[in-house]
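Down below is the structure, laid out as structure tokens.
Just so it is clear, the values below take in all heavy atoms, side chains as well, and ignore hydrogens, waters and symmetry mates. Quick caveat, the model's predicted, so the values are computed rather than measured.
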Amino acid sequence: MSLINLVIGIPLGWVMWLCYRLVGSYGLAILLFTLISKVILMPLSIIVQKNSIKMIELQPEINAITLQHFGDRDTIADKTMALYKREKYSPALGMVPLIIQIILVLGLINVMYNPMQHLLRVPGDVCAQLVNATAALLGVRELGSGAQLKVMEAICNPAFSDYYMGLELPGVDMAAIMEAAKSMDMDFLGINLAAVPPVVPITLLSLIPLLSCLSTFLLCFVQNRENVLQKEQGFLGQWGVAIFTVAFSTYFTFLVPAGVGLYWIVSNIFAIGTLYLLNMLYPPEKEIDYEALADTKKKLQERKSAQKEALKKLRPYKKKEKEDYRRFLKSKEKKQFVIYSESNGFYKYYAGMIDYILEHSNIVIHYITSDPHDNVFNMEGPKFHAYYIGELRLIPLFMKIDADMVLMTIPELELYHLKRSLVRKDIEYVYMQHGVGSDNLLGRRGCIDHYDTIFNVGPHQTAEDRALEQLYGTKPKRLVKVGYGLIDEMTEAWEKAPKKNSNEKKTVLIAPSWQKDNIMDSCIDQLVEQIRPLDVKLIVRPHPQYLRLYPDRVQAMLRRFEPYVGPDFEIQTDFSSTDTVYNSDLLITDWSNISMEFAFSTLKPVMYINTPMKVLNPEYKRIDIVPIDIWIRSEIGAQLELDQVDQTAETVKMLLADPDRWRDTIRQVKEKTLYNVGHGSEAAGRYVVSRLEPHRKKKT
């Protein structure tokens, strides 16, 4: 307690002494002290009120971030912190009043336990001598935590007057100390504020814990109704905290002098008044859009409910997951090649490569998927083993992997939940690019730094990766010129697909991204109004994520466009078929990755709407390479700014007018942009075989 006494007790002791001198009553001094502390802390309370309002004001945007990146805790945390930084909001500021309250209570306890030093202003060394003298008088070695209280009690006992008067303490006026101690009345309304309330028997002192319990409950009740943060909590959040706080305050006031309990009671009452005053001075409803808050809360709750239902559906697969986990780790077979896939939809990026490896080598592929319905479970064979591992078990599994090579499409290895193996340090980790876009623009800083090898789709990615290594001084990686097997397969499918008759109407497909301010949220009505009068068939195909995240917006759009639906206008929400993409003559999009896949597989043009650009790396301009996502927009089609949407009709007519020219132009761009056109999967497979079975390199 010596440090608390020095840092907190002495300053608060002076304040309490001043209050005592002003009112001449110990109990009234505590009331005055409490009032002064609330007045002094009012500026801080105002700051906290504004900060709390800011928090709830930001909550709709935070909920939107959570909805947009649902399940990706790392991205949600990053974007939320970026939002806090942008809005200058401090999450920690709300803890300051609680910390100060704890400091005040600790200091007050110190003052209560040391009244001779703080209220009678007896020097500390003299107090220590009197404590030792009283211990000797009472025949004990030490007096414990309430030593000075026991000294004052002994001094006020007439039986011990001669003992204290006979003490010879150099420079100490013992008579004055005794007179001051006897004149100090520590009672208040018949309650001895220096005494600790007993649990039994019930006495007048028992009122202090009882009133502490009631005042704390009243404060919690009011906070749940009026505090801008607390009233947004759920029932359990509100009353779980309330029950704990009430129980703690009741228990706490049975352990300390009644004066501390009196402070606690009065502080709670003043806190209620302060809360109402702050809500009058700074009304939350003036700053907070409660309608938007309720809307996003409802959608978030729906998403959480949907997640619970999804998890329920996975329960039958728990046994399989457990068995597959053990099977993967306990297998005595030496693992050469491990692939990880997030879900069934990612197999398409590996398909051609896997076919090549199975046909040209004896390599056994161990395919881990977090989707129990993944079609790969139908491929089980001597050289292909599939395992279902959910996200939670995936974390320890990755740390225990023992293999020659691990390949996946997830960036940010080592940065978040997926780590390199702790069992084997020489595993070659390979990152397979699953898009033609820029690593620099669309990847967070350092997102592929912990891979050993990168399968690049084109020269632009290779140039960026080398430039980023030089800029940040990271370890050089093996950059393999692979290409993009998925586009090769899409091209092949397009070439085999039945073609439209020359007299059929041209088809325009609007297929935007789902990022913030995409086409669906910024200009879909203007686009439809511009294109409908043209002699074309128009299809609007919202992104699957957009349909899932914003069903209300989709329903509103369907109602607006319902009068237009017919043979020449369609809104598609079924993504089971890719025929729409292949049969379209023009794609209109914003920053969706579909643009290059569409153009390079069908050799048809793209019209881009320049909505706000998707940027995951705000430092992308630090290297002198223009991202492909920016420069290619004028190479494989045309682009319009948002304020140029009124030029859509003439731009569409221009892009549809000369398909042969666009076919030749896009083919040339494709040849320059992609490695190994038509053989991307083969190139990836050759690399894996050459690394894992070097003796087969020449044969393959």
Salt-bridge present (Asp449, Lys475; N to O < 4.0 Å) = no
Does Tyr347 have any side chain to side chain donor-acceptor pair (under 3.5 Å) partners at least two apart in sequence or in another chain, and if so, which?
-> none
Who passes side chain to side chain contact (heavy atoms under 4.5 Å, CB included) against Asp452, sequence neighbours left out?
-> Arg420, Glu428, Tyr429
Aromatic ring centroids of His373 and Tyr317 under 6.0 Å?
-> yes
Apply side chain to side chain donor-acceptor pair (under 3.5 Å) to Lys481 and list each qualifying residue two or more places apart in sequence or on a separate chain.
-> none
In terms of ring plane angle, is the pair Tyr387 and His366 parallel, tilted or perpendicular, where the classes change at 30° and 60°?
-> parallel
Quick one: list whatever passes ring-ring contact (aromatic ring centres under 6.0 Å, His included) with Tyr484, sequence neighbours left out.
-> none
In chain order, what residues pass the ring-ring contact (aromatic ring centres under 6.0 Å, His included) check against Tyr546, with sequence neighbours excluded?
-> Tyr550
Contacts of Tyr472 that satisfy ring-ring contact (aromatic ring centres under 6.0 Å, His included) - sequence neighbours left out = none
Name all residues meeting the side chain to side chain donor-acceptor pair (under 3.5 Å) criterion together with Asp660; count only those two or more places apart in sequence or in a different chain, and write none if there are none.
-> Arg663
Tell me, please, which residues at least two apart from Tyr620 pass ring-ring contact (aromatic ring centres under 6.0 Å, His included).
-> none
Work out which heavy atom in Val482 is nearest to a heavy atom in Ala684; give both atom names and the distance.
-> CG1-CB, 3.7 Å
Sequence-distant partners of Asp488, side chain to side chain contact (heavy atoms under 4.5 Å, CB included), two or more places apart | none
Is there a donor-acceptor pair under 3.5 Å between the side chain of Ser370 and the backbone N or O of Ile389?
-> yes
Residue pairs meeting salt bridge (Lys or Arg N to Asp or Glu O under 4.0 Å), one or both in residues 524-540, sequence neighbours left out, come to Lys505-Asp535, Asp525-Arg560, Lys537-Glu570
Can you list every pair that meets salt bridge (Lys or Arg N to Asp or Glu O under 4.0 Å) and has a residue in residues 344-371, with sequence neighbours left out?
-> none
Any residue meeting side chain to side chain donor-acceptor pair (under 3.5 Å) with Asn518, in chain and number order, not counting sequence neighbours = none
